Amino acid sequence: MKIVAVCSLLMAILVGCGAKGDSYDNIMSKKTLVVGVSADYPPFEFHKTINGKDEIVGFDIDLANEIAKDLGVEMKIEDMKFESLIGALNSDKLDMVISGMDPDPERAKAVDFSDPYYVAEAGVIVRAADKDKYKTPEDLKGKKIGVQKGSTFEKVVTQIPEAQPELLSKVSDLVLALESNRIEAVIVEKPVAKAYASNRPELEMSDAVLQPASDGYVIGFRKGSPKMVEAANKTIARLKSEGKLDEFITKATQMAEEQ
Ligand code: ARG
C-alpha cells in the first residue's frame, strides 16, 4: 500500500512538472501574455498618470506589447518587486519577465533568455550638492550605497572600495533614502539615473564610472520554452531592423522626463 502511495505521489509530481512544457503553447491556448515588471525603473517601466489614470508605461512595455501583437494575444501587466519576478515566473504566475534584466549565470539556471535588446551602462545617482565630491568609485569609498535587492548591482557595488550596500526592494525607496541623507548614492543604469535626476532638482547623475553587468538586457521565460524564446527573438529582430527600438527609447525617455 505504502509503495503504491509513494509511487503515485512521485508520478503526480513528475507529471505535474512535465505537463508545463513550452510556455508558448500555454500563452497561445489562453490567448494572453502575462508580463511581470518591477515598475520603478524609468524609462524602461514606470507608473505615469495618463488622462487621470495610473498606467504602467516605458520601453520594456512597448517591446512586450509588440511581442503580444506578433503572437496575436492580449497582454496583461503584473507589477511586483524585482526580486520576486523570477520566482513568479517559475510558479506560473507570469509568462515572461521584462524589467531591464541582465543575464547572469544564476538567473540562467532558473529561466530561458531572449537575445539582448538594449545595452545600458551602470549609472550612479547622487545628491546634486555632492556631485563634485563623488566623481569616482574611490570617492565613494566606505559609504552607504543604495542597491536594488536581487539586482546585479549587488555585485557591481563591490567596484566601490569598502562600499556598505543598502538593499531595498524598490528603486523609488532608494531614491527617497538618498534624498533624506540616509545613503550617499544609488546604483542603477544610466538612463534610469538620468530619468530620476531630471525630475528632481536635488539629484544628479555622478561622473563615477562602473563596469556594466552584461552586454545587454534580456527577457526571461520559463525554463524549457525554446518556441517562446524564438518567437520573442523574431520580434526583437524585426523591431531592430525597423529602427523601432531607437524610437521606443526616445519616446520612453521623453515620457519619463516630463513626469
Ligand atoms: N539591470 C539590473 C539587473 O538585471 C537591474 C534591473 C532592475 N530593474 C527594475 N525594473 N527595477 O539586475
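Computation of the quantities below employed the complete heavy-atom set of this structure, encompassing side-chain atoms and omitting hydrogens, waters and symmetry-equivalent molecules. Just so we're clear, the structure is a prediction, and the values are computed from it rather than from any experiment. Ligands are counted one by one from 1 in listed order, and the atoms in each one are counted from 1 as well. We count residues from 1, following the sequence as given.
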I need the atoms of ligand 1 closer than 4.0 Å to a non-hydrogen atom of [X], numbered in the order shown.
| X | answer |
| --- | --- |
| M101 | 4 (O) |
| D40 | 9 (C), 10 (N), 11 (N) |
| E45 | 10 (N) |
| S151 | 5 (C), 12 (O) |

Exam field: side chain E230 to backbone P226, donor-acceptor pair closer than 3.5 Å: no

Is the shortest distance from a Lys or Arg side-chain nitrogen in E66 or R238 to a carboxylate oxygen in the other one below 4.0 Å?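 Answer for the salt bridge query: yes.
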
Is a salt bridge present between E184 and R127, judged by a nitrogen-to-oxygen distance below 4.0 Å?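 Salt bridge present between E184 and R127.
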
How close does the nearest protein non-hydrogen atom get to [atom], and which residue and atom is it?
| atom | answer |
| --- | --- |
| atom 8 (N) of ligand 1 | S99 O, 2.8 Å |
| atom 1 (N) of ligand 1 | D102 OD2, 2.6 Å |
| atom 6 (C) of ligand 1 | G100 O, 3.1 Å |
| atom 12 (O) of ligand 1 | T152 N, 2.8 Å |
| atom 7 (C) of ligand 1 | Q148 OE1, 3.3 Å |

Which of V97, L63, D112 passes side-chain contact (heavy atoms from CB on, under 4.5 Å) with I219? Answer is L63

Compute the centroid of each ring, for F44 and then for Y217, and state whether the two points are separated by less than 6.0 Å.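 Ring centroids of F44 and Y217 are less than 6.0 Å from each other.
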
Under 4.0 angstrom from ligand 1, any heavy atom of R107?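 Within the 4.0 Å threshold, so yes.
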
Yes or no: does F153 have any heavy atom under 4.0 Å from an atom of ligand 1? yes

Would E247 and K251 satisfy salt bridge (charged side-chain N to carboxylate O under 4.0 Å, His left out), going step by step from the backbone distance to the final call? CA-CA 6 Å; E247 224 173 81; K251 185 188 107 192; over 6 Å; no

Side chain to side chain contact (heavy atoms under 4.5 Å, CB included) evaluation trace for T152 with R107: CA-CA 10 Å; T152 47; R107 291 174 185 166; 3.7 Å; yes

In sequence, state the C-alpha distance, the side-chain angles, and the governing distance for D95 and R222, and then conclude on salt bridge (charged side-chain N to carboxylate O under 4.0 Å, His left out). CA-CA 7 Å; D95 299 312; R222 194 173 67 211; 5.9 Å; no

